[in-house]
Amino acid sequence: MSDELENKNISESAAPRDFIRQIIDEDLSTWKNGTKVLTRFPPEPNGYLHIGHAKSICLNFGIGIEYNGKTNLRFDDTNPSKEETEYVDSIMEDIRWLGFDWGTGLFYASDYFDKLYEFAETLILKGKAFVCELSADDMRHYRGTLTEPGKESPYRGRGIDENLDLFRRMKAGEFPDGSKTLRAKIDMNSPNINLRDPVIYRIMRAHHHRTGDNWCIYPMYDYAHALSDMLEGITHSICTLEFEDHRPLYDWILDTLETPCHPQQIEFARLNLNYTIMSKRKLNELVTKGYVNGWDDPRMPTIAGLRRRGYTPEAIRNLAERVGVAKRESIIDVALLEFSIREDLNKHAERVTAVINPLKVLITNYPDDQEEFMDFTINPEEPEKGSRKVPFSRELYIEREDFMEEPVKGYFRLFPGNEVRLRWAYFCQMYRF
RNA sequence: UGCCCUGUGGUGUAAUUGGCAACACGCCUGACUCUGGAUCAGGAGAGCCCAGGUUCGACCCCUGGCGGGGCAGCCA
């Protein structure tokens with residue numbers, strides 16, 4: 001009995017699994033995180049979500065649902081100079097509209113600013129971070145190039161106490177913007193540029209949408225992201241390909257801090273659609289320069305735009321499922337997006353009829369004084385939706401396109417001598433016109 | 001010319017992980033007097049980037065090439 005059940009489950013879940021789900025299956029079988037599966041969707045609130053984000057949302061939240069796990073929504077708000085609350089509101093609305101729910105898992109990277117700061121001091125105490133005074137320009141020169149190793153900053157050898165003192169004073173606001181940074185002490189000779197003593201804190205006096213003016217130093221993405229994932233106990237941190245080279249840094253941060261949990265970062269290829277702009281920067285430009293009427297302009301590939309355009313959440317979710325998940329960069333044909341909405345609309349949209357370009361038809365053998373109401377099925381695929389009544393009489397109108405005086409080959413609609421069926425009504429034949 | 005990733009029909013994604021390639025979209029043909037942008041039935045289209053190697057046998061393993069993408073923000 002139990003064997004049967006097991007086999008059934010196996011065969012039912014035998015549908016092609018993408019490599020991420022395969023990794024999760026494997027982790028579950030090796031009991032890596034027990035039975036826990038916790039993902040997260042971490043948008044930066046600096047723009048509206050677009051169809052590309054939808055793929056990531058469906059992936060992350062989809063996994064949360066399938067594995068009986070959860071998915072957190074975490075706003076990655078570590079750069080106050082470009083983030084706004086208008087965006088966090090729109091992002092939440094769009095995710096809900098797509099049909100997903102983060103439950104109690106709503107967070108902001110800024111929720112962790114205090115803890116992040118503590119971790120930074122710990123790094124300094126461990127001799128793994130130092131305060132650097134190189135200018136942005138100098139730092140770039142010291143970094144080396146893709147083919148040449150970098151040079152160590154002259155400030156790299158500072159003592160722990162001095163670093164700690166300086167970092168505290170950075171936080172206290174004693175130094176001007178850009179004058180100092182806190183850097184991880186890793187390896188200036190690394191072939192991976194992300195490991196050449198990356199900046200983890202910068203001084204920036206900007207009003208933060210949540211913490212106001214409490215801080216004048218803000219953590220960098222790599223540092224904040226790894227630790228935020230860790231603090232939430234994320235098991236699988238799914239992101240796009242361009243962060244692949246950042247994974248060693250992600251791991252270095254958690255390993256060096258010897259954190260109690262260490263999420264696994266997994267990268268997949270983002271969605272690309274032909275003829276479609278998928279860059280937040282460019283979409284932002286379209287909006288701010290007034291080329292379109294806002295982020296929800298129906299011409300925009302944003303979730304809000306698609307919604308106004310008439311797309312349904314189902315259609316978008318189906319698209320995400322159809323395009324799959326893999327690591328190779330690809331460009332999906334918009335025809336697939338269009339197919340998804342046609343399919344969904346064909347299945348669920350309620351039909352009504354209208355004659356745009358009318359052509360009068362006289363049913364010569366139908367009584368002049370009679371009128372009856374025909375049942376028009378609202379949606380043939382969903383008969384439970386019932387029907388509505390439409391009058392039928394001697395005189396009625398059809399679409400001009402449905403008639404051709406001289407039919408071309410293959411024309412099956414009304415033409416002299418031809419008999420056709422009037423949908424949901426009678427057959428009729430044309431004698432004169 | 002450093003490091004990382006990637007290379008299967010037109011476009012995407014698969015192949016129970018060594019036994020000669022499936023699914024979806026698109027395309028073509030036929031059927032249908034009730035949405036012809038629908039439905040149903042068929043079909044064409046890749047021999048898996050290339051070259052060696054291992055093996056009875058490789059899309060799946062090894063070696064070497066070639067192609068595509070990413071990385072030098074105090075952005076994410």
Side-chain angles (χ1 to χ4, degrees), chain A residues 10-11 14-19 22 42-44 46-47 76-79 81-83 109 132 134-137 139-150 177-183 189-196 198-204 217-218 220-222 224-225 239-248 267 269 271-274 280-281 318-319 321-340 342-343 345-347 349 351-353 374 376-377 379-381 410-414 418-429:
Chain A
I10 288 170
S11 65
R17 315 227 85 206
D18 56 73
F19 79 100
Q22 281 175 29
E44 181 188 10
N46 66 344
D76 226 317
D77 54 355
T78 56
N79 186 351
S81 65
K82 39 204 262 191
E83 295 152 4
C132 184
L134 248 24
S135 67
D137 252 19
M139 199 180 291
R140 185 169 56 248
H141 292 130
Y142 273 78
R143 188 157 34 230
T145 68
L146 294 175
T147 54
E148 304 158 44
D177 286 11
S179 62
K180 290 179 175 52
T181 56
L182 180 70
R183 295 225 259 163
N189 291 313
S190 174
N192 181 343
I193 289 181
N194 295 120
L195 262 22
R196 316 241 262 231
V199 170
I200 57 179
Y201 263 94
R202 76 281 219 183
I203 302 175
M204 181 194 308
I217 58 172
Y218 291 95
M220 298 290 288
Y221 165 83
D222 289 301
H225 199 82
C239 63
T240 43
L241 254 29
E242 68 270 29
F243 294 105
E244 209 147 22
D245 290 339
H246 294 237
R247 182 158 22 98
E267 312 83 13
L271 172 70
N272 292 300
L273 282 181
N274 51 12
K280 264 206 248 180
R281 211 208 101 245
N318 287 340
L319 174 78
E321 195 174 311
R322 256 185 273 266
V323 301
V325 180
K327 293 198 72 161
R328 76 172 105 147
E329 296 272 14
S330 59
I331 301 174
I332 272 72
D333 195 326
V334 278
L336 199 55
L337 206 215
E338 290 165 357
F339 168 79
S340 295
R342 285 207 196 95
E343 175 193 53
L345 252 22
N346 184 45
K347 231 173 266 179
R351 314 306 152 88
V352 293
T353 46
M374 320 303 290
F376 274 46
T377 300
N379 185 332
E381 305 217 25
Y411 192 79
F412 55 86
R413 289 179 251 193
L414 200 61
N418 192 38
E419 181 182 77
V420 297
R421 170 146 193 172
L422 294 172
R423 181 135 225 236
W424 307 121
Y426 307 111
F427 291 93
C428 95
Q429 186 168 174

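Per chain, numbering begins at 1; letters A, B, ... match sequence-line order.
Among the protein residues, A/Ala136 comes within range of the nucleic acid bases, having at least one heavy atom under 4.0 Å from a base atom.
Using a 30° and 60° split on the angle between ring planes, A/Tyr221 and A/His246 fall in the perpendicular class, above 60°.
Side-chain proximity of A/Asp18 to the nucleotides B/C74, B/A72, B/A14 is greatest for B/A14. Nearest to the side chain of A/Met220, among B/G12, B/U6, B/A76, sits B/A76. Distances were taken from every side-chain heavy atom of A/Met139 (C-beta onward) to each of B/A38, B/G73, B/C74; the shortest belongs to B/C74.
Judged by centroid separation below 5.5 Å and plane tilt below 30°, A/Phe339 does not stack onto the base of B/G26.
Counting atom types as modelled, A/Asp333 pairs no side-chain N or O with a base atom of B/G26 as donor and acceptor under 3.5 Å. A donor-acceptor contact under 3.5 Å is not formed by the side chain of A/Arg17 with the base of B/U16. Side chain A/Glu329 to base B/U6: no donor-acceptor pair is found below 3.5 Å.
Using a 90° window around 0 for the glycosidic torsion, B/G47 falls inside it and is classed as syn.
No salt bridge links A/Glu148 with A/Arg143; every basic N to acidic carboxylate O contact stays at or beyond 4.0 Å.
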Legend entry - Nucleotide pairing, RNA chain B (Watson-Crick or G-U, distances under 3.5 Å), in dot-bracket with [ ] and |: .((((((..((((........)))).(((((.......))))).....(((((.......))))))))))).....

